[in-house]
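Below is one structure, written out as structure tokens; comments come after it.
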Amino acid sequence: MLEPDDTLRGEGAGLVSSHQHRGVVLLPQRAVWRVETRTLFIADAHLGKAATFRALGQPAPKGTTRDNLDRLDSLIDRFNPIRLVFLGDLFHARQAHAPGVAAAFLDWRRRHAVLRLTLVRGNHDRRAGDPSEQFGIELVDEPYDAEGIVARHHPLASDECEGQGATILAGHLHPCVRMSGAARDSVRLPCFVLQERQIVLPAFGAFTGGALVRGRGAKTCAIVDERLLVAD
Amino acid sequence: MSGRRAKQSAVKSLLAERGWKPFRFQQDVWREMAEGRSGLLHATTGAGKTLAVALGAWQALADDAEEPPRLCVLWITPMRALAADTAKALNEAFDGLSAHGQRWTVGVRSGDTPSAERARQARRPPSVLITTPESLSLMLSRADARDYLGAIRCVVVDEWHELIGNKRGVQTQLALARLKRWRPDLLIWGMSATLGDLEEAKRVLLGPADAPHGAVVAGGVRKEIVIDTLLPEDFARFPWAGHLGIKMAPQVVAEIDQSPTSLVFTNTRSQAEIWYHNLLRARPDWAGLIAVHHGSLARESRDWVEDGLKAGKLKAVVCTSSLDLGVDFLPVERILQVGSPKGVARLLQRAGRSGHSPGRTSRITLVPSHALELVESSAVQQAVRDGRIESRRTPNAPLDVLVQHLVTIGLGGGFKPDELLDEIRSTAAYEHLSDENWRWCLDFVSGGGPSLSAYPEYRRCGPGADGVWRVTDKRIALRHRLNVGTITADARVLVQYGPAPMGKKLGVVEESFIARLKPGDSFWFSGRVLEFVRLRDLVAYVRPSKTRSGAVPRWDGGRMPLSTTLADAMVEQLQRAAEGRYDTPELRAAEKMLRLQARWSHLPTPTTLLAETLKSRDGWHLFLYPFAGRNAHIGMASLIAWRAAQRTAGTFSIAVNDYGFELLSADPRDWAAMLPELIAPRAIHDLTHETLASLNAAELARRRFRDIAQIAGLVVTTYPGHHKSLRQLQASSSLFYDVFRKFDPENGLLRQAEREVLEDALDIARLAESFERLQNRELVHVALQRCSPLAFPLMVERMRERLSNETLAARIERMISQLERAADKC
């Protein structure tokens with residue numbers, strides 16, 4: 001597990017509203033923004049996960065897909081992107097293509113009809129099957145060259161992303177980090193993982209869990225409500 | 001022979017053939033049963049309860065038919081392990097009777113029963129079926145449940161004290177109500193050896209309406225119980241905290257050596273593994289003569305241990321509550337209890353595992369693991385002398401068990417809500433179930449939260465055209481049957497030798513433990529050192545390790561709170577110490593520590609409330625010692641932290657034990673000045689308000705939700721082998737908790753989690769009472785110079801609750817500034 005000291009060592013550790021790293025901007029809204037190409041990157045939305053649960057007879061409340069799409073809306077309003085790249089696991093499972101979820105997504109798509117959408121297929125997308133053509137999503141496999149950024153679903157092992165080369169963005173891990181302090185206080189926060197050339201994004205989905213980041217040498221950038229906690 | 005008299009003489013001659021005479025209480029039970037009365041039988045372990053009820057049922061219900069009756073008596077046992085032995089005892093009795101009358105057959109139905117045997121039982125049901133609460137629920141979920149179980153005329157519930165106070169007991173109450181509806185003259189008999197409040201136990205067993213007509217029969221066989229304490233040889237160096245007690249190992253070895261067969265009880269499974277390891281290290285020559293037994297070991301290894309015990313082949317077995325119950329191990333002469341027995345009833349239950357037959361003496365020796373347990377030992381002996389035993393209460397209307405039951409009945413032939421509600425309200429647990437909660441449960445299983453649109457595709461159970469509610473989806477039926485029960489656990493991983501060659505299955509550990517191991521790491525399990533090879537599909541493959549040490553798995557399981565009966569007895573002992581009366585061997589052994597406590601601080605007594613404060617590197621500590629048991633302390637501590645947080649927002653870490661609790665603040669707090677206000681009593685109304693507010697700031701409800709989510713079927717328990725098909729349904733209860741709070745805050749299971757916390761930990765009425773009681777005591781505040789013997793175990797406690805009303809950003813900023821301060825010093 002990552003020690004909080006690794007994250008915070010050095011001058012100027014603190015809470016900021018966004019963080020520039022390797023030519024892209026990390027956002028506390030669980031997204032990455034690249035201004036040159038006006039592209040937003042999102043990982044692991046897991047749309048329709050709650051619907052999948054319900055279809056299989058497990059109770060899960062409605063509203064998570066709505067919440068996901070609303071948060072996408074506010075990102076789009078704020079940055080006015082021309083392109084959105086999903087780094088895999090956009091839909092949770094086959095059952096996620098249920099009429100309710102599809103209608104909500106289609107409605108959202110119509111409101112952003114000119115936006116270019118690209119999905120790098122993730123493990124869940126493979127099982128779920130490709131989304132309907134009417135969504136107008138360009139489907140690609142990893143690694144995918146998104147105008148100079150390597151877009152992946154599964155991150156590379158840390159020794160594979162050393163050295164020179166293009167920035168890699170990936171998802172899949174749903175990374176979280178634990179912070180602790182005096183009086184035995186500790187909290188678990190979703191985070192970005194910064195490893196050499198690679199940035200692993202936190203899961204965007206409202207109904208997703210997280211996994212603690214393990215391993216040495218990884219730097220993280222944790223999300224504290226509307227801000228980011230950065231080390232240097 | 002159908003006459004009552006003929007059957008009586010048959011029983012008498014059966015007993016006479018074995019040279020026994022019926023005890024008075026046995027005859028009482030026979031008479032009550034013959035007259036069609038239900039009741040509760042309370043008699044010491046080994047006194048002959050099983051024969052009393054079994055022969056009573058036979059006398060009341062056997063008839064002239066040639067064929068044995070089909071499923072006439074249902075025998076519910078809380079432990080699978082008991083079933084085989086009960087079957088043997090019943091078979092022997094019925095064999096003897098067959099010379100004089102109708103021959104009854106006996107069958108066992110539990111999670112271990114092979115499917116061929118189940119099919120045979122379905123074709124040709126035995127006269128007496130022995131089963132567990134979980135298997136009974138499973139049988140109730142069969143579409144033909146009524147045809148199969150409707151003929152039952154008598155239900156026997158063995159070891160009722162094990163069920164009365166928990167959700168398995170609630171499950172049993174619901175099943176009994178079902179059987180009673182099918183057969184209003186159903187005879188119900190409960191049996192127990194260690195109950196405090198017999199009338200309450202009978203009310204819960206028979207239901208509030210029927211209980212007044214039921215009988216209570218108490219066995220008159222007095223059993224000699226010897227309780228003593230293994231005193232540490234070196235009092236001065238005996239630790240103030242800890243729970244392992246390993247320092248006592250050499251003395252325990254010596255005690256084991258003196259008796260032919262001993263049971264060594266520990267309070268946790270990890271502790272059992274560690275003790276086994278240490279005993280073997282002290283006496284390598286005992287390899288094969290001593291064994292370890294706990295609930296996570298594979299069935300075959302537990303069977304091996306139990307058979308060895310019965311046959312008198314084992315010298316000692318280190319065990320947990322897995323051997324608390326009924327199976328008779330006649331050779332056992334000696335019980336050693338490592339650590340606190342936590343309650344008087346539990347101590348007596350365990351003591352009864354030795355000298356298990358009428359006339360023999362039971363002997364239990366307490367092995368304290370830290371100095372305060374010496375005082376506890378002294379207290380428990382006093383409580384036994386005074387005849388003070390804890391009483392148990394049924395949980396109040398838990399919605400998770402009810403949701404599960406609705407699906408069970410929906411599968412088992414269906415139900416009409418109004419009829420089922422009457423049935424459910426006839427149980428003690430749901431006597432006061434509100435209309436609102438009932439409607440919520442129906443809504444929840446039929447596809448909605450409070451707003452029906454909340455769960456569009458979801459529907460587990462619902463009304464058909466005929467108004468009968470049924471479950472129609474086969475997948476739901478299958479999953480429900482896999483998950484029936486109220487015993488919760490984390491995802492479990494099977495431990496097995498392999499992968500090549502594939503070998504013996506050893507048992508299960510929690511997934512979270514295996515997740516921390518790397519291939520090549522060693523760990524202790526099932527009394528062996530194993531090397532972890534790899535994990536695949538919830539099977540952890542292992543091979544024998546070449547090293548002799550390794551990690552010990554920790555199994556999740558609630559820690560038992562010290563009973564209030566025992567806690568009260570303990571403060572009385574401290575009072576004796578305060579008066580300088582060190583007049584029991586245990587108090588003398590603890591004298592040095594107690595005098596130190598008195599010198600550095602103060603000794604708590606029934607008339608004082610001790611508060612200690614301390615500033616350390618960790619922050620500002622407050623220690624308070626109400627001696628009300630862990631659960632009550634969690635409630636009081638949360639509320640007091642909440643009150644403190646009203647003055648200045650903050651984050652508190654809370655540690656509790658059975659004696660008191662600690663509040664630790666990261667920011668400066670003048671605890672001494674605030675104390676009178678913090679412990680002030682409030683009107684019930686204000687207290688309720690405060691408690692609900694504190695609940696949202698604390699993480700108690702989230703933790704409680706874990707079990708509820710599993711019982712209600714939200715979190716699908718994974719089993720080795722059933723893993724893959726459920727993968728897209730993996731979500732942790734914590735994630736469910738967050739999602740429900742955000743998107744369906746009125747969800748009844750969330751409210752249940754809050755209510756359970758309110759009832760167990762923050763029971764308003766009891767809290768009000770506790771605060772009143774604090775008022776009647778004189779507050780004694782001591783500003784500590786250094787950690788006192790009483791404070792020490794709290795300070796080193798790692799399991800903690802947290803309460804915070806600060807923003808996340810404020811907490812993070814404090815963490816950052818602390819890091820910066822630390823960095824400045826470098």
Side-chain angles (χ1 to χ4, degrees), chain A residues 1 4-5 7-15 46 48-64 66-67 92-96 98-101 124 127-128 179-189 206-212 214 222-227 229, chain B residues 444-445 447 449 451 453-460 473 475-476 479-480 617-620 651-653 655 664-667 712-716 726 728-732 734-736 738-740 742-744 747 749 798 800 802 804 807-809 811-816 818-820 822-823:
Chain A
M1 193 181 108
D5 312 47
T7 319
L8 295 171
R9 189 168 298 132
E11 293 281 284
L15 295 170
H46 288 268
K49 181 169 172 188
T52 303
F53 272 54
R54 293 191 293 265
L56 293 170
Q58 288 303 106
K62 197 178 173 176
T64 50
R66 178 79 273 139
D67 181 81
H92 182 67
R94 192 167 294 281
Q95 291 86 347
V101 182
H124 276 268
R127 272 210 307 276
M179 294 274 308
S180 41
R184 300 170 196 251
D185 193 12
S186 93
V187 288
R188 199 176 147 121
L189 304 165
F207 187 21
T208 54
L212 283 178
R214 287 154 191 276
I223 296 172
V224 182
D225 294 330
E226 313 280 283
R227 288 185 286 172
L229 176 57
Chain B
F444 188 72
V445 296
S451 50
S453 65
Y455 299 79
E457 303 87 349
Y458 163 71
R459 178 187 167 105
R460 273 198 277 184
D473 189 329
R475 291 169 311 180
I476 291 174
R479 215 159 50 226
H480 180 73
R617 219 177 39 181
D618 281 338
W620 283 258
T651 298
F652 299 89
S653 169
L664 172 58
S665 166
D667 294 319
L714 282 180
V715 180
V716 179
L726 301 175
Q728 66 273 50
L729 286 179
Q730 295 297 306
S732 68
S734 178
L735 178 56
F736 266 114
D738 290 335
V739 171
F740 278 132
K742 183 158 177 202
F743 297 102
D744 184 13
N747 187 290
L749 296 176
R798 285 190 306 175
R800 284 171 171 262
R802 193 176 301 116
S804 178
T807 62
L808 187 58
R811 285 164 72 184
I812 299 293
E813 270 163 5
R814 182 174 52 238
M815 291 178 191
I816 297 169
Q818 283 156 357
L819 284 170
E820 282 169 352

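Atom set for the values below is all heavy atoms of this structure, side chains included, hydrogens, waters and symmetry mates excluded. Order of the sequence lines sets the chain letters (A, B, ...), proteins ahead of strands, with each chain counted from 1.
Contact between Ala182(A) and Ala666(B) at its shortest, heavy atoms only, is O-CB, 4.1 Å.
Contacts of Arg227(A) with chain B are made by side-chain atoms alone, with heavy-atom separations under 4.5 Å and no backbone atom involved. Residue Ile812(B) touches chain A through its side chain alone, counting heavy-atom pairs closer than 4.5 Å.
Put simply, OG on Ser186(A) and CZ on Arg811(B) are 7.5 Å apart, with the number rounded to the nearest 0.5 Å. Note: Leu15(A) CG to Glu813(B) CD = 5.0 Å, rounded to the nearest 0.5 Å.
Taking Asp225(A) as the reference, nothing meets the side-chain hydrogen bond (donor to acceptor under 3.5 Å, both in side chains) condition, with sequence neighbours excluded. Ser653(B) meets the side-chain hydrogen bond (donor to acceptor under 3.5 Å, both in side chains) test with Arg800(B); sequence neighbours excluded.
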